[in-house]
Amino acid sequence: MCPVLSGPYLLMIEKINELMTRVASLQASSAEEVEQLRVQYLSKKGEISLLFNDFRNVPAEQKREVGQKINELKTLATDRIAELREAVEAKDEADREAGIDLTRTATPLPGGTRHPLNLVKAQMLDIFARMGFTIADGPEVEDDWHVFSALNFAADHPARDMQDTFFIARNPADVLLRTHTSSVQTRTMEKAQPPIRIVCPGRVYRNEAISARAHCFFHQIEGLYIDRNVSFADLRQVLLLFARQMFGPETKIRLRPSYFPFTEPSAEMDISCNICGGKGCGFCKQTGWVEILGCGMVDPAVLEACGIDSKEYTGYAFGMGVERITNLKYRVKDLRMFSENDVRFLDEFIAAK
């Protein structure tokens, strides 16, 4: 006598057979798709797990058969998903061996842009080139003579201290990372006779705590002009022309007395704030003026130390930070942004390239 097949039994068998057909034909082309299939069929809320909700309605004499069918389905799904995972991993490995980078951004790739410091440095060098200055370069790893002694720094000058200078070796000769690009000027004066008209761009290093307003490395552009009858008036005129070319024709300058070991007389130069037009704002601390560089007439002792006759020749020198000028043009409040290579920050300068 044939057993009576209940409705819940027939419904379960029908569902299991349908799922077996679907599972046997599963396909996936990526690891993400494989994971989606695993969640769909094998997770706690997957289709196979949900079969157990209906399993409770199957008569007791038919539960064993239905339970075996569900286990067969679960085994089939587990094996099929494992096969798909292995196939996808094998394909990825083959693509990598063939030189295909699957992590690469799809074309078209976004265009890059020049770094804001390079943009400003190029503009500064172009201004000085039109005034007859040529570019001079020198090593970043220097010796005490070219960084300090030839520039009239006293033996006990604070700049020589470890707190300000990165020393690489102290004996037998001091080797250090240059603290300013003035070392390029001393090397040039040793090798060439006047007239000398150069600008020295480069990276310099100082032992300072890194913050929004200071860094252990930054960039400078220094200038030097030596010839007969060079005066402070010549220096002022060059700096005025630079300021107006860089910040606009209405820019004003002022020179305040200062002190540097390698120039005498020395001065610091301010420009009228290009943000508020000299009226006073937070950037210029309500003064209407912003300091941008130091300058002065080359001290005769420096000329003599470098083999130039100070009775026949005079000269002027000036130096400024590229980051400082860039801040004035683009109002970047945090110096660390220049060296972090955050593409979101660099993308802001696409229009300026």
Side-chain angles (χ1 to χ4, degrees), residues 101 103-141 177-185 188 197-206 208 210-224 238-251 253 269 271-275 283-284 290-294 318-353:
D101 183 3
T103 65
R104 181 177 177 180
T105 306
T107 55
L109 295 174
T113 182
R114 296 180 65 188
H115 195 281
L117 292 180
N118 287 334
L119 288 168
V120 172
K121 182 176 73 173
Q123 184 179 356
M124 295 167 68
L125 293 177
D126 178 67
I127 294 171
F128 287 118
R130 284 186 272 118
M131 288 191 280
F133 288 84
T134 58
I135 296 175
D137 194 14
E140 295 183 5
V141 178
L177 296 178
R178 65 184 182 189
T179 58
H180 47 201
T181 55
S182 301
S183 57
V184 181
Q185 298 177 11
T188 301
R197 192 194 295 259
I198 59 170
V199 284
C200 314
R203 184 161 51 184
V204 299
Y205 306 85
R206 294 182 187 174
E208 297 184 6
I210 298 175
S211 67
R213 300 177 62 86
H215 212 293
C216 61
F217 71 87
F218 53 98
H219 301 79
Q220 283 186 335
I221 289 182
E222 298 194 30
L224 174 71
V238 164
L239 296 180
L240 176 62
L241 180 57
F242 166 77
R244 290 181 173 175
Q245 290 284 312
M246 195 74 198
F247 299 105
E250 304 302 320
T251 303
I253 69 170
M269 190 182 89
I271 62 167
S272 53
C273 181
N274 64 322
I275 296 175
F283 192 88
C284 64
V290 180
E291 177 192 337
I292 67 167
L293 59 85
F318 57 85
M320 66 194 86
V322 180
E323 281 85 349
R324 181 67 168 168
I325 305 300
T326 306
N327 281 341
L328 285 170
K329 288 188 67 69
Y330 297 118
R331 306 180 195 180
V332 179
K333 297 181 179 180
D334 193 333
L335 283 177
R336 292 169 293 191
M337 296 293 292
F338 291 127
S339 56
E340 289 179 347
N341 289 326
D342 189 328
V343 294
R344 296 168 298 180
F345 169 70
L346 298 178
D347 282 346
E348 297 178 13
F349 299 92
I350 289 179
K353 64 181 179 179

Engineer: Got T179 and V204 here, is their nearest side-chain heavy-atom distance under 4.5 Å?
Structural biologist: no
Engineer: Do you know which of I198, D137, L224, T134 makes side-chain contact (heavy atoms from CB on, under 4.5 Å) with T188?
Structural biologist: I198
Engineer: I'd like to know whether CD of E340 has more than 12 heavy-atom contacts from other residues, nucleotides or ligands below 6.0 angstrom.
Structural biologist: yes
Engineer: Just to verify, what does H180 make a ring-ring contact (aromatic ring centres under 6.0 Å, His included) with, not counting sequence neighbours?
Structural biologist: F153
Engineer: Minimum heavy-atom separation for G132 and R197, please, with both atom names.
Structural biologist: O-CD, 3.1 Å
Engineer: Are any of the side-chain heavy atoms of I271 and L328 separated by less than 4.5 Å?
Structural biologist: yes
Engineer: Which heavy-atom pair separates R114 from A122 by the least distance, and what is that distance?
Structural biologist: NH2-CB, 3.7 Å
Engineer: Would you mind reporting whether E222 and V184 have side-chain heavy atoms less than 4.5 Å apart?
Structural biologist: no
Engineer: Please round to the nearest 0.5 Å and tell me the distance separating atom CE of M337 and atom OG1 of T326.
Structural biologist: 13.5 Å
Engineer: Tell me the closest heavy-atom pair linking P201 and A136, and the distance in Å.
Structural biologist: CD-O, 3.7 Å
Engineer: So how far is it from Q245 CD to M131 CE, rounded to the nearest 0.5 Å?
Structural biologist: 7.5 Å
Engineer: Enter the distance from L239:CG to L293:CG here, rounded to the nearest 0.5 Å.
Structural biologist: 5.5 Å
Engineer: Looking at every heavy atom in both P116 and L346, which two are closest together, and how far apart are they?
Structural biologist: CD-CD2, 3.9 Å
Engineer: Rounded to the nearest 0.5 Å, how far does CG of L119 lie from OH of Y330?
Structural biologist: 5.0 Å
Engineer: Roughly how far, to the nearest 0.5 Å, is the OG atom of S339 from the CD1 atom of I210?
Structural biologist: 7.0 Å
Engineer: Heavy-atom distance under 4.5 Å between the side chains of I325 and F247, does that happen here?
Structural biologist: yes
Engineer: Rounded to the nearest 0.5 Å, what's the gap from CD1 on I253 to CZ on F242? Could you check?
Structural biologist: 11.0 Å
Engineer: Mind checking whether M320 and M269 have side chains closer than 4.5 Å, heavy atoms only?
Structural biologist: no
Engineer: Evaluate N118 against V322 for side-chain contact (heavy atoms from CB on, under 4.5 Å), listing each step before the verdict.
Structural biologist: CA-CA 9 Å; N118 287 334; V322 180; over 6 Å; no
Engineer: Please work out which of the three classes, parallel, tilted or perpendicular, describes the rings of F338 and F345, given edges at 30° and 60°.
Structural biologist: perpendicular
Engineer: Using the side chain to side chain donor-acceptor pair (under 3.5 Å) rule, pick out the option among R178, E140, H215 that qualifies with Y205.
Structural biologist: E140
Engineer: Return the set of residues passing side-chain hydrogen bond (donor to acceptor under 3.5 Å, both in side chains) with N341 (not counting sequence neighbours), or none when no residue passes.
Structural biologist: none
Engineer: Taking all heavy atoms of Q185 and all of F318, pick out the closest pair and write down the distance.
Structural biologist: NE2-O, 4.4 Å
Engineer: What do the steps show when you test H219 against E323 for side chain to side chain donor-acceptor pair (under 3.5 Å), and what is the final call?
Structural biologist: CA-CA 7 Å; H219 301 79; E323 281 85 349; 2.8 Å; yes
